[in-house]
Amino acid sequence: MHIVTVLWLKSLEVFSNVPDDQLQWFIDHSDDQRLGDGEYLTEPGDPIKGPHVLVEGKLSLHMFQNGSKREFVMFTKGDISGYLPYSRGKISAGYAQAIGEVQLLSFRTEKMQEMIKDHFELTQSLVHVMNNRVREFTAMQQQNEKMMALGKLSAGLAHELNNPASAIVRDSISLKEHLRLGPQVFKKVVGITIKEEQIDKLNEVLFRIIGVKEQALLSLKQRMVLEDEIADWFEQKNVENSYTIAENFVDFNFSVADLEACAEPIAEYLSPVFNWISNLLVTERMVEDIQESSKRIADLVNSVKTFTHMDRGMEKEYADIHIGIRNTLTMLGYKIKKGNITVVEDYDETLPQVKGMIGELNQVWTNLIDNAIDAMEPNLKGTLTLKTEKDREFVNVSIIDDGPGIPADVLSSIFDPFFTTKPMGKGTGMGLEVVQRIIHQHNGNVKVKSVPGRTEFTVCFPLEN
């Protein structure tokens, strides 16, 4: 057993500047309390007592969410837990459990008003503990939410990046194999004699055809018909590999009339020239695929950079709010596709730029959109509607889903810390609390309306912060 003295209390940083007589008063109005390993100091629903100074041992503060234990803080020797001056919390929401043998110096809570009235320095030191606790706890939970969001985004982003990366690897291998066949085609081409004006005319026709950007999309039936027409034309003209190369010309929307135009200047060399052109078209298609996949990766990386605002500080700045929302949709793209969700974007593109902490606002869009996607999961499909509009000097952003809705009996609790209806591992119960805190930092508010088949979260904050 440790005997608590004024000297021992003054060895703790929190009490180092408190006068001795006030510390002695604190000891005189406290009780020595012992807990065995596993015993509870408080359980949910118990009145919060104290403050308690932890003299020996450890004390775990935790909650159970959906049957799973979640620890929030571990108090060790010299830490202060329990009720503190001016604290608004009266009833415990979680468990305070002894880890090993625990000794506490427990102040009698009923003497708190006397402490506040007559012992300024002692009260001040405990208020400082409370302020630090709130600040550290808030920062910890916000960081946890960011890590949860990052985990959700990284899973989807891995799939989004994997597709174009795999395409690049696949096309690069195919291109390498294809280029090995080039010498055989080249051998036949160099054996022909063709005038310069014939080459110029062929180039003119050829690049006019493949230079068309807006090409008609063919149905499977239309494509098969066109392939047969082109292959038959090649057969009639005695062009080698007619059915093999026909597919390549269809890919670039060549018609029989286009082939006739290409054939006119090189009529006596149709087979080697059209096989050479086919070879070039295959190379062109593979290079285009690699370019498109590379651009997709670059766009995704840029979206991540813009979304996280990793190259910016935490100061408020002007930005187009729609960029952050669209980047959020990109980050959650895989989850949206997996959930068979249709996205409807109804934006007021005339909105001026808003002033805010862009990275923090992106976390708001992530939490709200991710919640909406999860809400529609039981339906195996859904429609997500995103709407922006100007309301005088404010901007309204609405996130609407057609899921089953939020039960009326829990609607008033959804912004409370630790409240969640999601299973363990899918939610911390801090997502909406973080949303509300960030929007309050922007001098705005978050409202929710929900009925079966429609839930709408509306974020409102000033254009100028």
Salt bridge check: are [X] and [Y] linked by an N-O gap of less than 4.0 Å?
X      : Y      : answer
Lys221 : Glu227 : no
Glu288 : Arg285 : no
Asp79  : Lys77  : no
Arg454 : Asp401 : no
Asp348 : Lys390 : no

So, the side chain of [X] versus the backbone of [Y]: is there a donor-acceptor pair under 3.5 Å, distance only?
X      : Y      : result
Lys10  : Val18  : yes
His442 : Met357 : yes
Ser172 : Val169 : yes
Asn327 : Ile323 : yes

If you define the side chain from C-beta out and look only at heavy atoms, does anything of [X] sit under 4.5 Å from [Y]?
X      : Y      : value
Met74  : Ile99  : yes
Ile399 : Leu384 : yes
Asp46  : Ile48  : no
Arg437 : Glu433 : yes
Gln363 : Asn367 : yes
Asn17  : Gln124 : no
Glu114 : Lys117 : no
Phe461 : Ile321 : yes

How long is the span from the [atom1] atom in [X] to the [atom2] atom in [Y], to the nearest 0.5 Å?
X      : Y      : atom1 : atom2 : value
Ser16  : Leu9   : OG    : CG    : 11.5 Å
His128 : Leu84  : NE2   : CG    : 12.0 Å
Lys335 : Ile341 : NZ    : CD1   : 8.5 Å
Ile80  : Phe75  : CD1   : CZ    : 10.0 Å
Ser92  : Tyr83  : OG    : OH    : 14.0 Å
Phe252 : Leu280 : CZ    : CG    : 10.0 Å

List the atom of [X], the atom of [Y], and the distance in Å for their closest heavy-atom pair.
X      : Y      : result
Ile438 : Glu360 : CD1-O, 3.6 Å
Gln22  : Glu121 : NE2-OE1, 2.6 Å
Asn379 : Asp402 : ND2-O, 3.6 Å
Gly324 : Asn362 : CA-OD1, 3.2 Å
Thr455 : Ser450 : OG1-OG, 2.8 Å
Ser30  : Leu105 : CB-CD1, 3.5 Å

Examine the side chains of [X] and [Y] and answer whether a donor and an acceptor come within less than 3.5 Å of each other.
X      : Y      : value
Tyr95  : Gln97  : no
Asn396 : Thr458 : no
Gln222 : Ser219 : yes
Gln103 : Asp32  : yes
Gln24  : Asp20  : no

- Stepwise side-chain contact (heavy atoms from CB on, under 4.5 Å) check, Lys449 with Phe457: CA-CA 7 Å; Lys449 294 185 290 186; Phe457 281 86; over 6 Å; no

With a cut-off of 6.0 Å (strictly less than), are more than 12 heavy atoms of other residues, nucleotides or ligands near [atom1] of [X]?
X      : atom1 : answer
Glu393 : CD    : yes
Leu7   : CG    : no
Tyr40  : OH    : yes
Met224 : CE    : no
Asp28  : CG    : yes
His29  : NE2   : yes

- Quick one: which of Val344, Ile369, Asp346 gives a side-chain contact (heavy atoms from CB on, under 4.5 Å) with Leu386?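 That would be Ile369.
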
- Task: Could you label the plane-to-plane angle of the Phe26 and Phe15 rings as parallel, tilted or perpendicular, counting under 30° as parallel and over 60° as perpendicular?
- Result: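 Phe26 vs Phe15 ring planes: tilted.
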
- Item | side-chain contact (heavy atoms from CB on, under 4.5 Å) involving Pro407 - partner list, sequence neighbours excluded |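 So Pro407 forms a side-chain contact (heavy atoms from CB on, under 4.5 Å) with Asp409, Val410.
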
- Does Lys381 have any side-chain contact (heavy atoms from CB on, under 4.5 Å) partners at least two apart in sequence or in another chain, and if so, which?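 Here the qualifying residues are Asn340.
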
- Given Asp251 and Arg223, is the salt bridge (charged side-chain N to carboxylate O under 4.0 Å, His left out) satisfied, shown in steps? CA-CA 9 Å; Asp251 284 343; Arg223 183 183 175 87; 2.4 Å; yes

- Show your working on side chain to side chain donor-acceptor pair (under 3.5 Å) between Glu349 and Tyr347 and close with a plain yes or no. CA-CA 6 Å; Glu349 299 289 357; Tyr347 302 141; over 6 Å; no

- Give the intermediate values and the outcome of side-chain contact (heavy atoms from CB on, under 4.5 Å) for residues Ser87 and Met130. CA-CA 8 Å; Ser87 175; Met130 182 177 67; 3.8 Å; yes

Throw together a table of side-chain donor-acceptor distances under 3.5 angstrom for residues 50-59, partners on residues two or more places apart or in other chains.
unit_1 : atom_1 : unit_2 : atom_2 : d
His52  : ND1    : Ser106 : OG     : 2.8
His52  : NE2    : Lys49  : O      : 3.0

- Derivation and outcome, side-chain contact (heavy atoms from CB on, under 4.5 Å), residues Leu226 and Phe249: CA-CA 10 Å; Leu226 184 56; Phe249 285 87; over 6 Å; no

- Task: Start with the C-alpha gap between Ile325 and Thr388, add the side-chain angles, then the distance that decides, and say whether side-chain contact (heavy atoms from CB on, under 4.5 Å) holds.
- Result: CA-CA 10 Å; Ile325 296 173; Thr388 63; 4.0 Å; yes

- Task: Verify whether the ring centers belonging to Trp25 and Phe107 lie closer than 6.0 Å.
- Result: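 Yes, the ring of Trp25 comes within the 6.0 Å limit of the ring of Phe107, centre to centre.
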
